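Note that the structure is predicted; figures quoted are calculated from it, not measured. The residues of the chain are indexed from 1 along the displayed sequence.
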Amino acid sequence: MVRLMRVLVTGGAGYIGSVVAEWLLQHGHAVVVYDNLVRGHADAIPPGGILVRADLLDGETLSRELREHRIDAVVHMAAESLVGESVAHPDRYYRTNVLGGLTLLDAMRTAGVGLLVFSSSAAVYGDRAKQPIEEDDPPLPTNPYGECKLAFERALGWYGRAYGLRSVSLRYFNAAGASTLCGERHDPESHLIPIVLQAAAGRRPAVTIHGDDYPTRDGTCVRDYVHVLDIAAAHALALDALARGHAGGIYNLGCGGEGYTVREVIEAAGAVTGRTIPVVVGARRPGDPAVLVAATGRATEDLGWRPQYQDLGRIIRAAWDWMAARPA
C-alpha cells in the first residue's frame, strides 16, 4: 500500500513540475508547490495544490514552509535548464542550480525533512560513444547545465553520508507530451516536439533540422523521448520507495529503445496532425551528439517503473491535443 505524504515540489509551476504535482494530487498526496514563477505559470498548478511564491535562495522561507506544512518529502525540480544559456551565463546556473539546491538541503535539515527526489538530467553524461547509456557510465558533462546537475547529485551523496538524507536522482532524457491540464510552453521554445507542432499549427514558418549528415539511419540525430506522465509516475514510485526505507540511488528515465531520429519525429507529427510540416536543413550545432538514448532497466528493477505511454505517436498526440485546446 502506498504511503500518502505531504510533498513540497520546487519548480512545480513549470512543465514537468506541474505534471508531477498533478500526478501526486491525483494519487492522494498533499502537494505544496514552491516556485518563484519566473519561468513557471501559476495557472499550471493543478486544483488542490498550494502555491508558495518564493525563491529557492530564500532559506528562511523554505525552512518555514517545510515546517508549517509538515512536509514529509521534497521533489526538487526548480532549476535553470537551457544548455546554451548555461554556457553564456554560468553564474546564473551555478547560483540557482547549485547554491539554490544547497539552500534547499540546509532548509530540509533545519525542518527535519530527510527524503528527496531530484530532477536530474541526461546532460550529466555528455557526448558518449557508448549507447544506450547506463547509470554506471562515467558522467562527462560538456556544459554548465550538466555540470550543475552533477554537482548537486554529488552533494546529495555527501549529505546522505553526513546527515542521513535519503535521495533518488532521476536522470531524464527528453521529456515530451502533456497531461490533460499541463503541457510545454517555454519562452523561447527549445524542445523538438513542440517546435514541430508549432510549425504544423502555423505558429512558426518551419522546423530547422540541425544537420542531416550524421552516421544514423537517416542522417539526423537520434534522441530518446519519454512521456511526461511516465516521468511523473517515476517520481511517485521513487517517493514511495524512499518512504519504505529505500537507500536511494540514480536512475535513467527514457523510452528504453533505440530512440527516434529528428525526421522520424517530424513524420510522426505529420501523421498525427494530418498536416504538412515545412522543414529546412541547417548546419550542425556544435556539441550535438549523433545518438543519445537511455538504458532504463535499473528503474524497472528497483522502482517497478514500467512506462505506459511510450509510443511516439501517443506522445505527440497528447502534446498536439494540449496545444490545440489553447490556440492563443
Side-chain angles (χ1 to χ4, degrees), residues 15-16 18-20 22-23 26 44 122 131-133 170 172-186 189-212 214 216-236 252-281 288-297 299-300 305-327:
Y15 166 46
I16 304 175
S18 60
V19 178
V20 169
E22 179 186 356
W23 184 279
Q26 288 175 347
Q131 300 290 332
I133 298 172
L170 300 176
Y172 319 156
F173 278 60
N174 290 279
S179 70
T180 302
L181 295 177
C182 303
E184 296 192 68
R185 43 175 164 162
H186 304 113
E189 186 56 70
S190 60
H191 294 169
L192 178 62
I193 287 176
I195 286 173
V196 171
L197 294 179
Q198 287 171 6
R203 299 184 191 179
R204 65 171 64 222
V207 177
T208 299
I209 295 176
H210 297 284
D212 63 352
Y214 287 92
T216 63
R217 51 187 174 268
D218 64 15
T220 64
C221 290
V222 174
R223 292 294 181 267
D224 191 328
Y225 297 92
V226 55
H227 199 297
V228 68
L229 289 175
D230 286 323
I231 287 177
H235 285 79
N252 288 339
L253 299 183
C255 66
E258 296 182 350
Y260 305 96
T261 70
V262 174
R263 287 198 184 276
E264 286 168 350
V265 171
I266 295 169
E267 290 167 5
V272 167
T273 63
R275 302 186 183 192
T276 300
I277 299 172
V279 173
V280 296
V281 177
D288 265 357
V291 180
L292 193 61
V293 296
T296 60
T300 298
W305 184 62
R306 293 175 176 81
Q308 302 297 308
Y309 305 95
Q310 284 312 100
D311 175 72
L312 180 61
R314 187 172 187 176
I315 291 172
I316 292 171
R317 168 58 65 186
W320 178 246
D321 287 347
W322 186 86
M323 179 186 291
R326 293 157 182 83

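- The two residues Ala178 and Ala318 have their closest heavy-atom pair at O-CB, 3.6 Å.
- Using a 4.5 Å heavy-atom cutoff, the side chains of Ile316 and Leu197 are in contact.
- One finds the CD1 atom of Ile193 at 8.0 Å from the CG atom of Asn174 (value rounded to the nearest 0.5 Å).
- The nearest pair of heavy atoms linking Ser179 to Leu229 is CB-CD2, 3.9 Å.
- Between Leu253 and Phe173 the shortest side-chain heavy-atom distance does not fall below 4.5 Å.
- Nearest heavy-atom pair, Thr276 versus Pro278, reported as atom, atom and distance to 0.1 Å: O-CD, 3.5 Å.
- Around atom CD of Glu258, no more than 12 heavy atoms belonging to other residues, nucleotides or ligands sit under 6.0 Å away.
- Checking side-chain atoms of Thr208 against main-chain N and O of His210 turns up no donor-acceptor pair under 3.5 Å.
- Contact annotation: the side chain of Ile266 never approaches that of Thr220 to less than 4.5 Å [non-hydrogen atoms, C-beta and beyond].
- The closest side-chain heavy-atom distance from Glu267 to Tyr260 is not below 4.5 Å.
- Between the side chain of Asp224 and the backbone N or O of Gly259 there is no donor-acceptor pair closer than 3.5 Å.
- Judged by distance alone, with hydrogens and angles left aside, the side-chain atoms of Gln198 form no donor-acceptor pair with the main-chain N or O of Arg203 at under 3.5 Å.
- Asp230 contributes a side-chain N or O that, together with a main-chain N or O of Gln308, makes up a donor-acceptor pair within less than 3.5 Å.
- Judged by distance alone, the side chain of Thr300 and the main-chain N or O of Trp305 form a donor-acceptor pair under 3.5 Å.
- One N or O on the side chain of Gln131 and one on the backbone of Val293 form a donor-acceptor pair closer than 3.5 Å.
- Here the closest non-hydrogen pair linking Ala295 and Pro132 is N-CB, 3.7 Å.
- For the pair Met323/Glu184, no side-chain contact is recorded, criterion being any heavy-atom separation below 4.5 Å from C-beta on.
- Residues Leu292 and Val222 fail the side-chain proximity criterion, which asks for heavy atoms closer than 4.5 Å.
- Closest approach of Val196 to Ala269, counting heavy atoms only: CG1-CB, 3.4 Å.
- Atom CH2 of Trp23 sits about 14.0 Å away from atom OG of Ser18, to the nearest 0.5 Å.
- Residues Gln310 and His227 bring no donor and acceptor atom of their side chains to less than 3.5 Å of each other.
- Remark: Glu189 does not engage Arg204 in a salt bridge, criterion side-chain N to carboxylate O under 4.0 Å.
- Contact detail for Thr273 and Ala200: the closest heavy-atom pair is OG1-CB, 4.1 Å.
- Between His235 and Tyr172, the distance separating the two ring centers is shorter than 6.0 angstrom.
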Apply side chain to side chain contact (heavy atoms under 4.5 Å, CB included) to the pair Arg326 and Arg185, showing each step before the final yes or no. CA-CA 11 Å; Arg326 293 157 182 83; Arg185 43 175 164 162; over 6 Å; no

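- Under the 4.5 Å side-chain criterion, counting only non-hydrogen atoms from C-beta, Ile231 is not in contact with Val19.
- Counting only N and O atoms by type, the side chains of Asp218 and Thr261 include a donor and acceptor under 3.5 Å apart.
- Side-chain contact check for Tyr225 versus Cys255: every heavy-atom pair is 4.5 Å or farther apart.
- Judged by distance alone, with hydrogens and angles left aside, the side-chain atoms of Asn252 form no donor-acceptor pair with the main-chain N or O of Thr296 at under 3.5 Å.
- Formation of a donor-acceptor pair under 3.5 Å by the Trp322 side chain with backbone atoms of Arg317 is not found in this model.
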